[in-house]
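In what follows, a single structure is set out as structure tokens and then discussed.
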Amino acid sequence: MNLNKKHVVIWIMLLTAVWTGNIIYYQRHVLKEPLFIKNYYDIREDYGFFRLIYIDNINSERNVTSIVFPEVGSETINFTEQDYNSDNRYYRMKLINVKLEKDDNIIREKYLNKLITKAEVHLSDGKVINTDIGKIYISSNMDDSGAELFAAESTISSNNNTEQVTYRVSKDMKILSISSRFFEIMEDVLDIKLNKKPLKEISFPMELEKGDTLEIDYEFKFTDGDIRQSCAYDFPLYFMVEDMEGKKESRICSIDYWLQFPELYDINDLKEDRGIK
Amino acid sequence: MYAAGYNNLFWGMIFLLINIKVGTIDLLPNIIGYLFFYSGLSILSKQHIIFKNGQIVSLVLAFLSLMDLIMAMNNNLLVQIWGSDIKTMLISAIAMSLNLYLINICCRGIYFISDKLDNKGLKEDAKTSWISYFIICSILIFFYPFSINFHRETSAFITIIIIMNVIISIGVAGMFRRARMELGTYDGVNSICGGDEK
């Protein structure tokens, strides 16, 4: 029952080593400042808001106090902040819902048809960070005049950011082309199929008759280490369509992707992309 | 005459065992448990000198518990066990280690007194209580630093260890109760002091 001093010393040294190792390992995961996700948005004016996402330490008590988009103006924008998900380990996701003021037309017009790539974020701990937020474009005139040509019948979405939308064609028509603001960024990772046929294999114009279904599938296929998988996307595919009278119109089908849990983001890749150690 | 001392050890153990919280406020705070230990060991130090070592330890633990109580009252519900910052966890780790030493002192004292009185049952009880308490507390103490890096779902298995800790602590409290009945009236001052038993 006596305590052996040598054993006590070994026990204390072992405990100290275990604590030291775990603290060092934990500190390697601590973020010095919040990590804002890059967004590729091409959104309609009447959405009313868009979403910014950032990741911070799970125990962090700091929050965002004001945001300025210097490319638009020097005034702060209206927003609300909410806790979203945590990984129950190191990180917590937070969402910033940026409000496009409906009553203050001056601020609203400043946002329209401008490309927003940077944000100046003021935090409650006094820090100010200037961060790249991707490419956000708010369109005042998103042409969906062809909406009556094919209407959505059903949508199947899954939580791995794939979606299938089935449309019913209401008139004989041709799809002349498909375009998107961000195609050049996404074309190697965004797998789009029309009626189960990959987009690359489709010859335009694609003819459809009244009563036909048009199934549009999309899936993001990122390889490991591709920083683009840690971005958020919300943009339309513009279908240029022509009816049998020769009238050309546009139809919009939306593409949406964002990772909803912090453990799905590669934090080291994000830090490297931002130049943060 | 020493029954009250062992009784205080028993109640100290009960206060450490039972945590009834309303929000972040512990209705049976550990500080009271350690003050019971201090009081009990003050009485028992006249029976065996080994208990004197435990007095300082129990006072230090009472102080650490007070700090913990104040921090808990200032924390919001999000900063609980898994959300505690590193500083709080380090203080808790020191407290857990000192607590282990305190129980060792109590068990050793009972062991040596039982040995002198040739009370084999209580002597074995003290030894078994100490060994099981040491093993289970060591697992908890060594797991604690890993908990800051483990996924919290995988840490759920520690619930089993915590339950075992409660069961073994009840056994230790029971052993203190038994010591109260079997050693409480024994005046050991002149008979028991021995340098190699400190």
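Computed from heavy atoms alone, side chains included, the values below leave out hydrogens, waters and symmetry copies. Note on naming: letters A, B, ... go to the chains in the order of the sequence lines (proteins, then strands), and numbering restarts at 1 for each one.
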**Item:** Under 4.5 Å from a heavy atom of chain A, the part of B/Leu100 involved
**Value:** side chain

**Fill in**
Applying a strict 4.5 Å limit to non-hydrogen atoms, the region of B/Ile141 in contact with chain A is both

**Fill in**
In this structure, CD1 of B/Ile148 is separated from CD1 of A/Ile23 (nearest 0.5 Å) by 5.5 Å

**Request:** Drop me the distance from A/Asn22's CG to B/Asn149's CG, to the nearest 0.5 angstrom.
**Result:** 5.0 Å

State whether the number of non-hydrogen atoms from other residues, nucleotides or ligands found under 6.0 Å of [X] atom [atom1] is greater than 12.
{"X": "A/Asn130", "atom1": "CG", "result": "yes"}
{"X": "B/Ile56", "atom1": "CD1", "result": "no"}
{"X": "B/Met96", "atom1": "CE", "result": "yes"}
{"X": "A/Glu71", "atom1": "CD", "result": "yes"}
{"X": "B/Trp11", "atom1": "CH2", "result": "no"}

**Item:** Residue pair B/Phe150, A/Arg89: steps toward the side chain to side chain contact (heavy atoms under 4.5 Å, CB included) verdict
**Value:** CA-CA 7 Å; B/Phe150 278 177; A/Arg89 202 173 170 199; 6.0 Å; no

**Item:** Which portion of A/Leu14 sits near chain B, non-hydrogen atoms under 4.5 angstrom
**Value:** both

**Message:** Using ring centroids (six-membered ring only for Trp), state whether B/Phe142 and A/Trp11 fall under 6.0 Å.
**Reply:** yes

